[in-house]
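Per chain, numbering begins at 1; letters A, B, ... match sequence-line order. Atoms considered below: every heavy atom in the structure, side chains included; atoms not considered: hydrogens, waters and symmetry mates.
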Amino acid sequence: MMIQPSNIKEAARSLLASKQRTILALIGIVIGIGSVIAMVSVGRIVQEESLRQFKEMGTDILTIEKEFGGSPGMPGAQAKSGLKLETIRDIPGGCPAISSVAPSVRGSGNVSFNGKKLDRAGPMGVTASFLEINKLSVRQGRFLSDLDEQSRFCVIGSRVAAELQKNGSSQLLGSKIRIGDNLFTVIGVTNEVPEGGMRRFEPNETIYIHITTGLRVFANAEISSITARVAPGTTNNSARDQVMSYFASLGKGPQVKITSPEEIIAQMEKQMQMFTLLLGAIGSISLIVGGVGVMNVMLVSVTERRREIGIRRALGAKRGDIRGQFLIESVILSLIGGAFGIVFGIGASWLIAHFAKWQFVLSISALLLGVGVSNAVGIFFGYYPARQASLLDPIVALKSD
Amino acid sequence: MLTLRDIRKSYRIGPTEVDVLKGVSLDIQQGELVSIMGASGCGKSTLMNIIGLLDRPTSGSFMLDGAEVSYTDDDALSEIRNQRIGFVFQQYFLLSRLTALENVALPLIYRGNTGSDSHDRCMEFLKRVGMDDRAHHRPNELSGGQQQRVAIARALVGNPSLILADEPTGALDTQVGGEIMELFKSLNAEAGITVVIITHDPGIARQCKRVAVMKDGVIVP
Ligand SMILES: Nc1ncnc2c1ncn2[C@@H]1O[C@H](COP(=O)(O)OP(=O)(O)OP(=O)(O)O)[C@@H](O)[C@H]1O
Ligand SMILES: [Mg+2]
């Protein structure tokens, strides 16, 4: 059997002759290929994303959080005792593997400016080291310093700044923001950073105040999370062990949970696996449904075109020629479905990336996979009808109507 | 070139065996123009399909150009049909989605020949049957006589040594039928192609050098 332009032209023509049926058969293929493409594409996006975040934050970061829920012996008691600021400040001293720490406290209470409520602005109490450890930078003014203890100064994220400007602030520095019952003066604005990532907060939508102020003015304030930078030349694991024994040496102090970037990425990948599993399931089911659709179209086509098969056989077509003709048709059918599926799948992965706040990347391997899979579906599900066509007895085929 | 000995063909319909050909023996020489006549249902088409290698006899011997073909495999039979036999059917059997030219090209395609020489050759044969000005028309844009001319061009394009025509003028009026018949006669006379025509029309049969009459599954001597 030879594949020639004329074969392909003829196949396209006979598929066009039964447009409706062709389109119906394509839906399954489109969804199937689309899911597979989306799956691969999202996988690629997540991979790129974690790499990007690794690069941005560095791999020498540990997140130390208070473990909620007490130990079996003393339920409730441990949960109450928070992390003490002094204890945290002493971590680098007690653990040589940690070079600096940045504790933070989350604030609550309404945030308003000029009497207007700011929705996308979360107050947070931090120390001077917070800026550097979280790889943030200041665009305007300055960041909080250790001399700002108990002060009423604040530094705002870029989106908060934009919000203020929208609400009539001509001079950002010096503007006054109300958090709960207290007024804070803006002394700096941080640069915009890409969304999402390993930070446990949204830097662009945060209002930073000094942690000492935060602990006093926030209702139920408690240090919930500490970011620690590991000293150069030490591994994350040894740093983790030191921090663990440091907290253990405090006796009845609070239990902590320590997370490294590797674990965060592992967590992302676990989430990703859910996607993969879901899309993979949808994809393979739709591919089977689509494949059966293709097979059905081809079987009907073979039945309807028995006369044509007979004529071709009379003119000298071998069984292989007939088989090839129908196989080309089913492959073209699947490839058309595959093309739409690729568009659909890439579109879906773009949407997923958009909502998960990941950066979209176009994956060439996904495109190739789409073409490959649709080809395979066409051959696999087209083979049986094509074989049926080729096995028709010439005279029986010719005499049928 | 054709030697048939005691060809039998029977169909099993349920429990009963129907004998359609009951021992046909027939010799046709190279360059003959033969017509086969006989009552409807006597087995003419069945015989023609066996000669054309579209169907296999239940028993008997069939030699084509001195070689027994009863046991030849399917691919080889396809090749013989493609290389040596041209078919003309009562219902024309053109492919409706293809143009006249593309229909004529089919035997060449199955020979693996799709080049520009194939195009020229097809045009040449369309011209031969007077259809070159309709090369790009679809069958449904042509009259019955015109379609049959295209079908004849298709039968001829592969340069066969044998033309099998099963009631080629059956669906045409006498005048057009006469023109088609003239075409067969000139092919036979000029190119020496062996032509076998099944017909019910005594007028057609009279124009052939030899008439074989079939009755009830056998050739009447
Ligand atoms: N596939 C088949 N199964 C059973 N019987 C068949 C089959 N094909 C043909 N026959 C029978 O064989 C007989 C001869 O058929 P055939 O078509 O050869 O006749 P014919 O001489 O060409 O007739 P006509 O002049 O009407 O075309 C008929 O009685 C027909 O019913
Ligand atoms: Mg007949």
Check: Is atom CD of B:E17 surrounded by more than 12 heavy atoms (other residues, nucleotides or ligands) closer than 6.0 Å?
Finding: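 Counting neighbours around CD of B:E17, more than 12 heavy atoms of other residues, nucleotides or ligands fall under 6.0 Å, so yes.
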
**Request:** Might you confirm whether atom CZ of A:F380 has over 12 heavy atoms from other residues, nucleotides or ligands at distances under 6.0 Å?
**Result:**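 No.
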
Please list all pairs meeting salt bridge (charged side-chain N to carboxylate O under 4.0 Å, His left out) that have one or both residues in residues 81-95 of chain B, counting only residues at least two apart or in different chains.
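Matches after skipping sequence neighbours: B:D65-B:R84.
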
Select all residues of residues 280-303 of chain A having any heavy atom within less than 4.5 Å of some heavy atom of chain B, and report them by number, or 'none'.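 The stretch does not come within 4.5 Å of chain B.
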
In terms of side-chain geometry, is the basic nitrogen of A:R313 or B:D74 positioned less than 4.0 Å from the acidic oxygen of its partner?
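Yes.
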
Practice task
Using the side chain to side chain contact (heavy atoms under 4.5 Å, CB included) rule, pick out the option among B:L94, B:L95, B:N103 that qualifies with A:I311.
Solution key: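 Single side chain to side chain contact (heavy atoms under 4.5 Å, CB included) partner of A:I311 among B:L94, B:L95, B:N103: B:L95.
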
* To do: Tabulate, in ascending numerical order, the residues of residues 135-156 of chain B having at least one heavy atom closer than 4.5 Å to a heavy atom of chain A, or enter 'none'.
  =>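 Against chain A, the residues of residues 135-156 of chain B that fall inside the cut-off (heavy atoms, under 4.5 Å) are B:R138, B:R154.
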
Is there any residue in residues 42-62 of chain B with a non-hydrogen atom under 4.5 Å from a non-hydrogen atom of chain A, and which ones are they?
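Residues in range: B:N49, B:L54, B:D55.
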
| Relative to chain B, which segment of A:R312 carries a heavy atom at a distance below 4.5 Å: side chain, backbone, both, or neither? |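 Looking at A:R312, backbone and side chain both touch chain B.
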
Measuring only between side-chain heavy atoms, which start at C-beta, is B:N82 closer than 4.5 Å to A:K318?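 When only atoms from C-beta onward are counted, A:K318 and B:N82 do not touch, as no gap falls below 4.5 Å.
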
**Asked** How long is the gap from CZ on B:R97 to CZ on A:R305, to the nearest 0.5 Å?
**Response**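 Between B:R97 CZ and A:R305 CZ, I get 4.5 Å after rounding to 0.5 Å.
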
Q. What part of B:F93 is in contact with chain A, defined as an atom under 4.5 angstrom from a non-hydrogen atom: side chain, backbone, both or neither?
A.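 B:F93 touches chain A through backbone and side-chain heavy atoms alike.
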
Proximity breakdown for B:E102 and chain A, heavy-atom pairs closer than 4.5 Å: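 Only the side chain of B:E102 comes within 4.5 Å of chain A.
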
Practice prompt. Return the minimal non-hydrogen interatomic distance between A:A317 and B:S78, and the atom names on each side.
Written response: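 Between these two residues, the closest heavy atoms are O-OG, 3.5 Å.
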
